[in-house]
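Read the numbers this way: they start at 1 and go in the same order the structure lists the ligands and their atoms. Along the sequence shown, the residues carry numbers beginning at 1.
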Amino acid sequence: MLMKDKDNCKSPMTRLHAREKAHFRRLFENEGVSDFDDILKVLDVFLETEEHITSSQLIELLKSRGTELEPSVVRNALRLFTNFGFAKKLRFEDGKIRYEHCHLGEHHDHMICKKCGRIIEFRDDKLESIQAEVAASYGFHMLWHRMEIYGICSGCLKNRARIMPLSRAKKGERLIIEEFTGGTNARMRILSMGLKTGDAVEIITSSPRGQVVVMSKKRRYAIGRGLAEKILVKSQEPFS
Ligand SMILES: [Zn+2]
Ligand SMILES: [Zn+2]
Ligand SMILES: [Zn+2]
């Protein structure tokens with residue numbers, strides 16, 4: 001399919017997406033793919049979003065645009081997009097499978113906020129070449145890579161309370177023990193573990209319902225959820 005003239009006055013992104021759609025049509029038009037028209041509708045909506053979306057989010061998005069499709073059709077479409085390089089499958093630390101556009105010849109990496117889940121795309125040419133150089137110094141020929149940086153986004157940093165219970169801290173955070181709440185019993189249990197106010201701790205793991213494992217003074221401490229709620233910690237200034 002040739003691009004129509006009116007596409008030329010659209011934004012570069014819109015033009016790129018029109019081209020992607022044309023590629024897709026050319027590849028599959030005469031292949032007897034079942035539900036081809038529905039799959040094209042999925043492609044339209046998928047190309048419209050610049051997000052990293054899960055298949056259920058895409059199903060919802062389609063529904064909000066008045067296109068109600070069988071989940072299996074949407075999943076099938078996403079499989080097709082992925083297998084033929086129109087979409088890229090991402091699996092970040094939370095284990096959910098997300099999809100994003102995969103434009104030929106374009107590459108970017110991701111920063112993922114552990115507080116609000118925001119995904120920030122970035123590209124740094126220095127970082128790109130350093131990765132290839134490091135690989136080469138090991139005699140390793142890099143074909144591709146994935147770079148994910150986990151942390152706290154600028155918005156969340158701004159809104160974050162400086163003092164919070166240890167149970168709310170995220171993996172990798174470095175904090176100072178500010179105070180113990182919850183009465184003498186809890187205080188004694190914490191002290192007997194060897195932790196005291198003013199100690200610096202780093203979160204090794206923390207799951208929503210499980211225990212918090214911290215490192216302090218080069219030792220690991222496993223702290224139950226209930227106890228972790230009674231330990232108030234102060235976040236250290238970012239990047240200090
Ligand atoms: Zn990269
Ligand atoms: Zn955030
Ligand atoms: Zn991305």
Side-chain angles (χ1 to χ4, degrees), residues 11-14 16-17 19-21 23-24 42-58 60-61 77-138 140-175 203 206-208 233-240:
S11 75
M13 204 41 111
T14 313
L16 181 63
H17 291 158
R19 199 167 59 210
E20 293 284 272
K21 205 179 162 192
H23 277 178
F24 189 82
V42 179
L43 184 63
D44 260 338
V45 173
F46 177 66
L47 287 175
E48 254 173 54
T49 164
E50 291 299 327
E51 305 290 320
H52 304 80
I53 59 173
T54 62
S55 60
S56 13
Q57 284 170 329
L58 184 57
E60 282 309 306
L61 195 61
L78 282 169
R79 199 171 313 128
L80 212 54
F81 303 161
T82 309
N83 288 346
F84 289 86
F86 292 88
K88 204 160 145 189
K89 215 168 167 175
L90 305 162
R91 193 201 288 267
F92 297 131
E93 204 195 33
D94 67 4
K96 283 187 192 148
I97 293 174
R98 294 181 171 81
Y99 297 86
E100 68 173 347
H101 306 174
C102 178
H103 298 318
L104 293 180
E106 285 180 21
H107 166 80
H108 65 260
D109 294 300
H110 297 103
M111 294 184 207
I112 301 108
C113 176
K114 290 297 288 175
K115 296 262 177 191
C116 70
R118 197 172 147 207
I119 299 165
I120 299 162
E121 297 187 335
F122 74 95
R123 185 195 160 91
D124 184 291
D125 289 335
K126 266 199 310 268
L127 192 54
E128 293 298 319
S129 50
I130 285 172
Q131 291 176 98
E133 281 164 29
V134 171
S137 77
Y138 283 79
F140 188 87
H141 175 64
M142 183 174 95
L143 293 175
W144 59 276
H145 70 270
R146 191 153 48 198
M147 158 72 93
E148 286 160 21
I149 301 179
Y150 291 88
I152 298 161
C153 75
S154 58
C156 289
L157 272 180
K158 235 187 292 158
N159 297 330
R160 185 163 70 149
R162 283 225 349 125
I163 296 191
M164 61 183 164
L166 182 66
S167 51
R168 288 234 310 268
K170 301 289 184 204
K171 174 176 161 184
E173 278 199 274
R174 290 189 190 86
L175 307 141
I203 314 295
S206 178
S207 57
V233 288
K234 187 171 70 182
S235 51
Q236 295 183 7
E237 289 304 326
F239 316 122
S240 65

Checklist entry - If you draw a sphere of radius 2.8 Å around the Zn ion (ligand 2), how many protein N/O/S atoms end up strictly inside it? => result 4
Next on the checklist: Nearest N/O/S atom of Glu128 with respect to the Zn ion (ligand 1), by atom name, please.
Outcome noted: OE2
Item to check | Test of ring centre spacing under 6.0 Å for Phe122 and His110 | outcome: no
Next on the checklist: Side chains of Lys96 and Arg91, heavy atoms from C-beta outward: is any pair under 4.5 Å?
Outcome noted: no
Next on the checklist: Has His108 got a side-chain atom pairing as donor or acceptor with Ile120's backbone, closer than 3.5 angstrom?
Outcome noted: no
Checklist entry - Is there a side-chain hydrogen bond (donor to acceptor under 3.5 Å, both in side chains) between His17 and Glu48 once you walk through the steps? => result CA-CA 8 Å; His17 291 158; Glu48 254 173 54; over 6 Å; no
Next on the checklist: Salt bridge check, Glu106 against Arg123: does any charged N sit closer than 4.0 Å to a carboxylate O?
Outcome noted: no
Checklist entry - Are Phe24 and Phe86 close enough that their ring centers fall under 6.0 Å? => result yes
Item to check | Lys89 NZ: over 12 foreign heavy atoms closer than 6.0 Å | outcome: no
Next on the checklist: Can you tell whether the side chains of Arg98 and Glu51 come within less than 4.0 Å, N to carboxylate O?
Outcome noted: no
Checklist entry - Leaving waters out, which protein N, O or S atoms fall under 2.8 Å from the Zn ion (ligand 3)? => result His52 NE2, Glu100 OE1, His108 NE2, His110 NE2, Glu121 OE2
Item to check | His145 atom (N/O/S) at minimal separation from the Zn ion (ligand 1) | outcome: NE2
Next on the checklist: Is the distance from the ring center of Phe84 to that of His23 below 6.0 Å?
Outcome noted: no
Next on the checklist: Are His145 and His107, when compared by the centres of their aromatic rings, separated by less than 6.0 Å?
Outcome noted: yes
